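The structure appears right after this line, and notes come after that.
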Amino acid sequence: MADQETDRYDPGEVEGRWQRRWEEWGTNTFSEQRLRSPTDPYYNLMMFPYPSAEGLHVGNIYAFTGADVHGRYQRLQGRDVFEPIGFDAFGIHSENFALKVGVHPMDLIPGNVANFTRQLRRVGGMFDWNHAVDTTTPDYYRWTQWLFLQLFKGGLAERKEAPVNWCPSCKTVLANEQVVSGLCERCDTPVEQRRIAQWFFKISAYAERLLENLKTLDWSESTKKAQENWIGRSEGAVLRFPVLGVEPDVADLEVFTTRPDTVFGATYMVLAPEHPLVDAITSSDRRAEVEEYRRTVARMDVVARRKVEQSKTGVFTGGHCENPATGERIPIWIADYVLMDYGTGAIMAVPGHDERDFEFATAFGLPIPRVVAPGDSTARTPLDEAYPGEGILVNSGRFDGMDTREGGRAIVTWLSERGLAEARVNFRLHDWCISRQRYWGPPIPIVYCDECGPVPVPEDDLPVLLPRVEDFQPDDSGVSPLARVEEWYRTTCSECGGTARRETDVSDTFLDSGWYFLRYPSAGRDEAAFDPEVTRTWLPVDCYIGGNEHAVLHLLYSRFLTMALHDLGHLDFEEPFTKFRAHGLIVREGAKMSKSRGNVVIPDSIIERYGADSFRLYLMFLGPFEEGGDYRDQGIQGPVGFLKRLWNAVVPVDGLRDAAPDVAVERKLHQTIEQVSRQLPDLQYNTCVAALMEYLNVVRAEGRTPTRAEVEPLVVMIAPFCPHIAEELWNRLGHEGSIFDGTSWPSFDPEKLQEEAVTVAVQVNGRVRATIEVPPGVSEEVAMDRARKEPNVARYLDDAQLRRVIYVPDRLLNLVVST
RNA sequence: GCCGGGGUGGCGAAACGGUAAACGCAGGGGACUUAAAAUCCCCCGGGCUUCGGCCCUUGUGGGUUCAAAUCCCACCCCCGGCACCA
């Protein structure tokens, strides 16, 4: 006879025992042998965390649990599920935090990683700790540097000048997100722009392919859309405007436009202030003003420059060019609303049909002709605002009367005959700047030789170790703290042996995280970044789950790197993630969780109090996984009670009955198996949990003692959500080893889930007047017969005429009558 | 402004175009208890009721349909992302 006291559900005790066993037995870890020859490999990936000093937050646990439930379900189906985890510990967050608390990141990070590891183990994820990665270890970033070299050799890395945000007070380069409305987020000093030579990856060369491949991917629609917008494909044409009256002759001004049809309405040109032709075009009487304007714009930071201002500013250069369509002489202005890094850095201004140009022309008194007339308007209908839509061309010479679409094509053809136009597809996507003038990252593996120029570090010399530098505070030089460490950056050229200087910038964190999924299966190998055979076996990733905050950058960079490695012959696939699902956001009591609000949920104390299984179950229950949910402190009581009742149902004092299952319970069981098996792979966790709760309610109805056959499948179905209690109960049911090592997922019998009676709603004119119990699939006649006998139906039929009957078998009978 | 995702009981949420509110939280009542906790049972959108029922209710307004939370059109609000992209 079992003692009730000692057999009470004690989550801490159960979870500790099973976590120890998993480790002892190697339940979740892959040996070299198993990694090389799995029978049914399934790579289950989740976005690895940045190990902050605060520890895991609920958002992390929510995401990881959702992914873990998916992995465990696949495993119960008999697949070999590889579920790795790692740490994305380089980067500005770690570095800034280290500066703030005055501890060196090399001392800080290991502690954070250890704490995260402890928490991740406690939550009960199915992680293969033998294949964990930490991006800050030399045996990882050695291969990050190797990756840079491959792109460099493949001609996909180039060095060029680009503007960065500079805070003159903090004396540091700032990332765009550290600039808040033109001010440094730390000291509120106005941020300036500096031009620095930096390394870029030519992701824009892949724009078309990155866009095109999206169609083939099984990804969350919102994520695909975000990438589509980011890539920003637009079709149009490049038009050439000859510059007039400048000696010696300068090149034609090139503009990109999506509306070549409106070229007859281009009454002036606008160049970006930093456009290379500004100097040549500016007349002597305008030079002082132009220079002054360019200086003002240069003082603005990159972010403020891109903010929509209330009013347009700009100055006239004194120069003119010829509109190739009208032959008219039109003025050239410069204005900050034209961006150097989009299109050609110059536009033809069509104030009649572009809102920004209209605003500018209005401010500076420039002419605003109409060249497009929609619907009921004519060439002479006045414009009181820009009309950017489609219509019929007017005031456009021989193109008058054409609609804007065919007119555009005709004009491009006409101008191209004179070499003044060509069709062009333009992308918003920019090249990826990977240089960071910071300390906490992998040094970019390049040396600058006085003789040979930039020379890649030989692969055999990798890693270029990041030296321990006590003073890693950025200074006003605008270059990395590593530039102050002479004994580190002084080196010799690997080609000529002469004196050389190391690149002192480090690379972007997104480069670390852009390939980590390639490393996991090969973690620990020191002969290659990723083993070709193992990579072929496990990749691409079968399912990737993560937050939509990385919808654009991380996912796009990962796709680009994979594509580039494919083209360079290192991979035989070009898309890394076959399936991607974005999880939703967790809020608390309707408000976003944040430290400043003081409403952050501390997972450790909740797990200590209720156990990881209850916490996991609650997180998966509180809302649809892909939409997120509202964390309410009291809400966990439901799952807590459920697990207690589950425990008490399987571990009863009198022992389980071994009798045949009750027919009604069995039917509910098969219905539950059907629903859970269908919804679980679709990540519809909240309704799966509800179904399991419903089933347990039926099993325990009126205090009945369940049979083994009734509860055993329930234990298996709860296992993805609550692995510890499932293992314990499975074990107590007499099974050896781990529940996850068998293929124990239950199957259902379609016949057994059929109800023997169904409730059919009887409506009169669409309103429910009665319900009838009938055997499933009865004929309309029988149902009608039964319905007529219902007094509350009959009284509506008495003095009415039956006009129509709609019968949906097993669901409803609608009688349409009129009086 | 543009692109996503949402608006359903006191709350978190369910609902192949077919009985709106499953599952759970909170709340109320009861059982057990000296008491409390735990546990178990019952009630729980609103109004009316002759206790048979009837009417109203899924952000707002229209529409399609025998039937709309669900489909279509217009609009309002909330959350997330992007934002002078020519």
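Sequence lines set the chain letters: A, B, ... in the order given, protein chains first and strands last, and positions in each chain run from 1. Predicted model only: the values in this text are computed from it and were never measured.
- Within 4.0 Å (heavy atoms only), A:N697 reaches sugar-phosphate atoms of the nucleic acid but no base atom.
- Base pairing of B:rG10 is made with B:rC25, judged by Watson-Crick or G-U wobble geometry with both donor-acceptor distances under 3.5 Å.
- Taking side-chain N and O atoms only, A:R767 has a distance below 4.0 Å to OP1 or OP2 of B:rC56.
- One atom, CE of A:M620, and another, P of B:rA14, lie 14 Å apart when rounded to the nearest Å.
- Shown here is A:R678, whose CZ atom has more than 12 heavy atoms of other residues, nucleotides or ligands within 6.0 Å.
- The residue A:T344 sits apart from the nucleic acid: no heavy atom pair falls under 4.0 Å.
- More than 12 heavy atoms of other residues, nucleotides or ligands lie within 6.0 Å of CD in A:E390, so this atom counts as buried by the packing criterion.
- When rounded to the nearest whole Å, the span between CG of A:L622 and C1' of B:rC25 equals 11 Å.
- Side-chain to base pairing of A:K592 with B:rC79: no donor and acceptor N or O lie closer than 3.5 Å to each other.
- Atom P of nucleotide B:rA13 and atom OH of A:Y631 are separated by 15 Å, given to the nearest angstrom.
- Contact check on A:R233 versus A:E235 returns a salt bridge, with a Lys/Arg side-chain nitrogen under 4.0 Å from an Asp/Glu carboxylate oxygen.
- Here the nucleotide nearest the side chain of A:Q763, chosen from B:rG18, B:rG53, B:rC11, is B:rG18.
- For the P atom pair drawn from B:rA31 and B:rG24, the interatomic distance equals 24 Å after rounding to whole Å.
- The gap from the C1' atom of B:rC23 to that of B:rA35 amounts to 34 Å, rounded to the nearest Å.
- The distance from atom CD of A:Q684 to atom C1' of B:rA22 is 15 Å, rounded to the nearest whole Å.
- Here B:rC71 sits opposite B:rG63 as a Watson-Crick or G-U wobble pair (both hydrogen-bonding atom distances under 3.5 Å).
- A:F621 comes within 4.0 angstrom of a nucleotide base, judged by non-hydrogen atoms across all strands.
- Distance from the side chain of A:N229 is smallest to B:rC3 among B:rC3, B:rG53, B:rC84.
- Under the Watson-Crick or G-U wobble criterion, with both distances below 3.5 Å, B:rG1 is paired with B:rC82.
- For B:rC3 and B:rC85, the C1' atoms lie 15 Å apart once the distance is rounded to whole Å.
- Look at the P atom in both B:rG27 and B:rA74: the space between them is 45 Å, to the nearest Å.
- Closest to the A:K225 side chain, of the nucleotides B:rC84, B:rA13, B:rC3, is B:rC3.
- Under the 4.0 Å criterion applied to side-chain N and carboxylate O atoms, A:R294 and A:E274 are not assigned as salt-bridge partners.
- Using a 4.0 Å cut-off between charged side-chain N and carboxylate O, A:E773 and A:R786 make no salt bridge.
- On the C1' atoms, B:rG29 is 44 Å away from B:rC71, given to the nearest whole Å.
- In the set B:rA83, B:rC11, B:rA86, B:rA83 carries the atom at the smallest distance from any side-chain atom of A:R428.
- Heavy-atom contacts from other residues, nucleotides or ligands closer than 6.0 Å to CG of A:L585 number 12 or fewer.
- Out of B:rG24, B:rC25, B:rU19, the shortest distance to the side chain of A:Q634 is found at B:rC25.
- Of the candidate nucleotides B:rG18, B:rA22, B:rA86, B:rG18 has the atom lying nearest to any side-chain atom of A:I806.
- The number of heavy atoms from other shown groups lying within 6.0 Å of CD (A:E208) is above 12.
- Counting non-hydrogen atoms under 4.0 angstrom, A:R769 reaches the backbone sugars and phosphates but no base.
- Nucleotide B:rC2 holds its P atom 14 Å from the CZ atom of A:R356, rounded to whole Å.
- Distances from the side chain of A:D630 to the nucleotides B:rC23, B:rG12, B:rU19 place B:rG12 closest.
- Within 4.0 Å of A:N792, counting heavy atoms only, lie sugar-phosphate atoms of the nucleic acid but no base atom.
- Dashed line: the shortest gap from a side-chain N or O of A:R632 to OP1 or OP2 of B:rC11 is not under 4.0 Å.
- Across B:rA13, B:rG4, B:rA22, the shortest atom-to-atom separation from the side chain of A:N686 is found for B:rA13.
- Taking atom C1' on both nucleotides, B:rU8 is separated from B:rC54 by 23 Å, rounded to a whole Å.
- Backbone-only engagement by A:R795 is indicated by non-hydrogen atom pairs under 4.0 Å involving sugar-phosphate atoms exclusively.
- Residue-level contact check: A:R700 touches the backbone only, with heavy atoms under 4.0 Å from sugar-phosphate atoms and none from bases.
- With its glycosidic angle within 90° of 0, B:rG52 adopts the syn conformation.
- Distance, A:R233 CZ to B:rA86 C1': 17 Å, rounded to whole Å.
- Atom C1' of B:rA21 sits at a distance of 26 Å from the matching atom of B:rC72, rounded to the whole Å.
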Validation: residues 636-644 of chain A side-chain donor-acceptor distances under 3.5 Å, sequence neighbours left out:
unit_1	atom_1	unit_2	atom_2	d
A:Q637	NE2	A:Y610	OH	3.3

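- Counting non-hydrogen atoms under 4.0 angstrom, A:P624 reaches the backbone sugars and phosphates but no base.
- Candidate nucleotides B:rA15, B:rA86, B:rC25 were compared by shortest atom distance to the side chain of A:Q637, and B:rC25 ranks first.
- Two residues are said to be in side-chain contact when any heavy atoms from C-beta on lie closer than 4.5 Å; A:H275 and A:L277 meet this criterion.
- Rounded to an integer number of Å, the gap from A:E626 CD to B:rG6 P is 10 Å.
- Residue A:V816 is the one, among A:V816 and A:D357, whose nearest nucleotide of RNA chain B lies closer to the 5' end (criterion: closest heavy atom).
- Map A:V768 and A:S234 each onto its nearest nucleotide of RNA chain B; the residue landing nearer the 5' end is A:V768.
- Residue A:Y796 places at least one side-chain N or O closer than 4.0 Å to OP1 or OP2 of B:rC54.
- Using a 90° window around 0 for the glycosidic torsion, B:rG9 falls inside it and is classed as syn.
- When each of B:rC66, B:rG12, B:rU19 is scored by its nearest atom to the side-chain atoms of A:N814, the top-ranked nucleotide is B:rC66.
- Heavy atoms of A:R645 sit under 4.0 angstrom from primed sugar atoms or phosphate atoms, though from no base atom.
- Across B:rA22 and B:rG45, the matching P atoms stand 8 Å from one another, rounded to whole Å.
- Atom-to-atom, CG of A:L696 to P of B:rC23 comes out at 13 Å; the value is rounded to the nearest Å.
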